[in-house]
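Here's the structure, in structure tokens; my notes come after.
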Number of protein chains: 2
Amino acid sequence: MKRSARHIFDQYLQENGIRRSKPREQVFDIFINTETHLTVLKLYELTKARYPNIGYATVYRAMKIICDAGIADEINFGDGFKHYEHKYGHEHHDHMICTECKELIEVLNPEIEEMQQALAQAYDFTITNHRLQIFGVCGKCKKEQG
Amino acid sequence: MKRSARHIFDQYLQENGIRRSKPREQVFDIFINTETHLTVLKLYELTKARYPNIGYATVYRAMKIICDAGIADEINFGDGFKHYEHKYGHEHHDHMICTECKELIEVLNPEIEEMQQALAQAYDFTITNHRLQIFGVCGKCKKEQG
DNA sequence: TTGATACTGATAATCATTTTCAGAAAGAAG
DNA sequence: CTTCTTTCTGAAAATGATTATCAGTATCAA
Ligand SMILES: [Mn+2]
Ligand SMILES: [Mn+2]
Ligand SMILES: [Zn+2]
Ligand SMILES: [Zn+2]
């Protein structure tokens with residue numbers, strides 16, 4: 001049977017003596033029910049909309065724990081903001097970002113992944129993680145611009 | 001015959017009405033003679049060592065222009081600092097970064113580059129640039145750790 | 001119920017980068 | 001060489017995302 005993110009999270013809190021506080025649960029609730037790439041500000045706004053007492057710092061703190069638990073992943077797109085996406089139950093993937101409309105396309109090419117491994121081996125390098133971000137213009141934006 | 005970075009830079013300044021000021025030339029001099037990936041602070045220190053009057057803000061300003069001229073490239077390794085590397089006269093390449101000793105290995109795999117193009121085409125996406133950073137542990141560090 | 005301890009929201013601090021600004025330098029014209 | 005306009009400079013202040021601080025509050029095992 002499938003272990004839910006909820007279960008994984010509970011177990012992580014348990015094992016690390018982290019309390020199941022209300023504000024933390026609220027951030028978790030909003031994050032887990034929003035399937036997009038979220039910035040801290042956006043996450044704060046969404047949480048605040050439903051749970052008006054939430055504090056900005058708490059969102060940062062909660063997301064750090066949610067990442068540590070393996071539920072979320074922090075992404076750096078080089079725009080000066082932290083972004084979060086779902087990790088648990090999601091395959092690794094890379095990102096294609098349209099610099100016009102900011103659309104984000106998740107892509108995965110197993111061959112590219114393999115070649116990175118081969119490349120690393122040639123240097124006796126052991127990969128722990130990688131980041132591939134492709135920037136450009138999406139089909140829609142190309143049409144709109146002629 | 002080969003057009004030097006110096007020539008390219010002069011032409012860029014000329015065409016954009018940017019003056020050939022002394023401090024700007026000093027930063028250019030240090031950058032062009034340092035073949036490593038430089039942070040702004042490091043660049044400032046190196047420049048200051050030879051030209052004590054240089055200001056920190058001037059290094060930022062000069063590097064922006066040097067990048068615009070196509071001589072340097074700004075890299076974001078996600079460590080909170082801007083890094084600069086030589087662009088003019090250097091082939092595109094990706095980076096492998098050892099998270100232990102911070103060593104930087106420049107790599108290039110033409111097949112990976114091609115597959116990115118193929119991947120983009122499948123989405124009707126036109127690539128303007130990309131960033132591939134591979135993090136892990138280098139051979140040296142693996143030995144030292146047993 | 002209680003007591004130790006983790007957690008909270010508000011706020012201040014941090015720190016790389018950017019902006020501001022008054023004085024200095026570049027460079028075109030004469 | 002002088003003059004004049006405009007760009008440039010260094011120092012210092014501002015910015016803005018993230019982190020740390022702190023006094024009061026909530027959690028939860030006992
Ligand atoms: Mn994603
Ligand atoms: Mn490089
Ligand atoms: Zn687009
Ligand atoms: Zn290493």
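Here the structure is a predicted model, which means the values were calculated and not measured. Reminder, nothing fancy here: chain letters follow the sequence lines and each chain counts from 1.
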Atom-pair distance ([atom1] on [X]; [atom2] on [N]), nearest Å:
| X | N | atom1 | atom2 | value |
| --- | --- | --- | --- | --- |
| B:Tyr44 | D:dT9 | OH | C1' | 13 Å |
| B:Leu13 | D:dC8 | CG | P | 9 Å |
| B:Phe81 | D:dA17 | CZ | C1' | 14 Å |
| A:Ile54 | C:dC7 | CD1 | P | 14 Å |
| A:Met63 | D:dA17 | CE | P | 18 Å |
| B:Leu43 | C:dA16 | CG | C1' | 15 Å |
| B:Glu25 | D:dC8 | CD | P | 12 Å |
| A:Gln26 | C:dT8 | CD | C1' | 11 Å |

message = List the residues meeting salt bridge (charged side-chain N to carboxylate O under 4.0 Å, His left out) with B:Asp79, not counting sequence neighbours, and say none if there are none.
response =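 B:Asp79 satisfies salt bridge (charged side-chain N to carboxylate O under 4.0 Å, His left out) with no residue once adjacent residues are dropped.
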query = Nucleotide by nucleotide, 5' to 3', does protein get under 4.0 Å of the base (B), only the sugar-phosphate (S), or neither (-) in nucleotides 18-30 of chain C, counting heavy atoms?
reply = BBB----BBS---
inquiry  = According to salt bridge (Lys or Arg N to Asp or Glu O under 4.0 Å), does anything in residues 13-28 of chain A pair up with another residue at least two apart or in another chain? List the pairs.
reply    =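 Salt bridge (Lys or Arg N to Asp or Glu O under 4.0 Å) check on residues 13-28 of chain A returns A:Arg6-A:Glu25, A:Asp10-A:Arg20, A:Arg20-A:Glu25.
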ask   = Which nucleotide in the set D:dT18, D:dC8, C:dT8 lies at the smallest distance from any side-chain heavy atom of B:Arg24?
value = D:dC8
query = Who else is in the cluster with A:Val137 when I, L, V, M, F, W and Y are joined by side-chain contacts under 4.5 Å?
reply = none
message = Apply the hydrophobic cluster definition, ILVMFWY joined by side-chain contacts under 4.5 Å directly or through others, and give me every member besides A:Val107.
response =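 A:Met96, A:Ile105, A:Ile112, A:Met115, A:Leu119, A:Tyr123, A:Phe125, A:Ile127, A:Leu132, A:Ile134, B:Met96, B:Ile105, B:Val107, B:Ile112, B:Met115, B:Leu119, B:Tyr123, B:Phe125, B:Ile127, B:Leu132, B:Ile134, all in the cluster of A:Val107.
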Donor-acceptor contacts, no H, no angles, side chain residues 38-48 of chain B, under 3.5 Å, sequence neighbours left out:
residue : atom : partner : partner atom : Å
B:Thr47 : OG1  : B:Leu43 : O            : 2.7
B:Lys48 : NZ   : B:Pro52 : O            : 3.0

Polar side chain donor-acceptor pair, A:His92 to A:Glu113, under 3.5 angstrom = yes
